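One structure below.
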Amino acid sequence: MAFDLEKLLRPHISKIKPYSSARDEYSGKAGIFLDANENPFGSMADGKFNRYPDPYQLDIKQKLAVVKGVEANQIFLGNGSDEAIDLLMRAFCRPGIDNIILLPPTYGMYEVSAGINDIAIQKVNLTPDYQLRPDAILEAVNENTKIIFICSPNNPSGNKVKRSDIHQILNNFQGLVVVDEAYIDFSDEPSFTTELANYPNLLVMQTFSKAWGLASLRIGMAFASVEIIKILNLIKPPYNISGLTQEKVLEALDNASAIQRIVKDTLAERAFLKTELEKFPFVSTIYPSHANFLLIKTEGARKIYEYLIEQTIIIRDRSKVVLCEDCLRISVGTRTENEALLKALVQYKP
Ligand SMILES: *Cc1c(COP(=O)(O)O)cnc(C)c1O
């Protein structure tokens, strides 16, 4: 059975006509624009931002296509990856009928978004070393399973997922396989964007929020077939990426080579943090990380977490999460921040 996008789509979505602005009909940049009720006299912010932004962010996509080695029309940009997650559920999952498969422990937003959209969730836990169980995942698939979310490198465990397992899912599931690569820049693993030509059922997500250092701008990327990208563009809010964000992201893309230094610094700091954390008797395991954080198993995670809060050091308590008993997740900070954390931990009395 081949992948059939039309069949996967919620029926009413195929009938939607996109919001159309006059500027969809006139693509020139010069002209007298009296079509959108904008304020031509200026703005209260530096005289800028008084015009609506490009709804399809074409300047960004052209540059990003080069950086990522994909075609511009295979890119969707969202108000954070979170918007792409939500739009995928709205496009493909019928509320109260369809389901998605999640692989805990994993990123929390998939479940939140499914809840908001009234989409049932099937959970197939990872193995104790946080790898997929592809046979069990495929067994969980039923006729109403529309999306499987795979996060690699995985949050909160930090490890990369075996490629052959992802291939097995891609080859045997007729719904959409989302590979969330929010942390890919910190990994030596090639992106699954290189597989887009082979798999019409693949969608790869990345974000500007982590290695690119632009979390506040709220912009996430999705890469997929031209057909899937068209659907996301059809149902997104027309101006989902603000003009200010577009301006700053273009700046960042012109500066894309600087990301290598940031990643190098992060990895060096991650190694330092790991070495130092290993010295504490209450730290029993530090899991291998391909991301900009470490998951550590401790004795008395909640107590350590609360102690650090008192010291105004905030880490993430994951001890209630399945397969993460007594685990804490620590983002890699600067040397100053990491030293402050370590100094506080030296003074910690279990
Ligand atoms: C941080 C993160 C994202 C990024 O979300 P944005 O909405 O783009 O900021 C996506 N997926 C995972 C797994 C993450 O940890």
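Each ligand, and each atom within it, is numbered from 1 in the order the structure gives. Please read these numbers as outputs of a predicted model, since none were measured by experiment.
- Contacts of D82 with ligand 1, taken as heavy-atom pairs under 4.0 Å, involve both backbone and side chain.
- Atom CG of residue N125 and atom CG of residue L132 lie 12.0 Å apart, to the nearest 0.5 angstrom.
- If you check the side chains of D4 and Q174, you find no donor sitting under 3.5 Å from an acceptor.
- Every atom of ligand 1 is numbered from 1 in the order shown, and the set under 4.0 Å from a heavy atom of A182 is 2 (C), 3 (C), 10 (C), 11 (N), 12 (C), 14 (C).
- Remark: minimum distance from atom 11 (N) of ligand 1 to any protein heavy atom is reached at D180 OD2, 2.7 Å.
- Taken from OH in Y199 to CZ in F173, the straight-line distance is 14.5 Å, to the nearest 0.5 Å.
- Cation-pi geometry between K236 and Y56 is satisfied (NZ or CZ under 6.0 Å from the ring centre, within 45° of the ring normal).
- In R218, the part holding a heavy atom less than 4.0 Å from any atom of ligand 1 is the side chain.
- The pair D59-K63 does not count as a salt bridge, with every side-chain nitrogen at least 4.0 angstrom from each carboxylate oxygen.
- Closest to atom 15 (O) of ligand 1, if we only count protein heavy atoms, is Y183 OH, 2.7 Å.
- Considering backbone and side-chain N/O of S209, one or more are found under 3.5 Å from N/O of ligand 1.
- For ligand 1, the atoms lying closer than 4.0 Å to a non-hydrogen atom of C151 are 13 (C).
- Of the heavy atoms in K210, only side-chain atoms (C-beta onward) come closer than 4.0 Å to ligand 1.
- Each of I100, I101, L102 was checked for a side-chain contact (heavy atoms from CB on, under 4.5 Å) with I148, and the lone residue meeting it is I101.
- Under the side-chain contact (heavy atoms from CB on, under 4.5 Å) test applied with F280, the options V346, T298, I296, I304 reduce to a single match, V346.
- Neither the backbone nor the side chain of F208 comes within contact range of ligand 1; no heavy atom lies under 4.0 Å.
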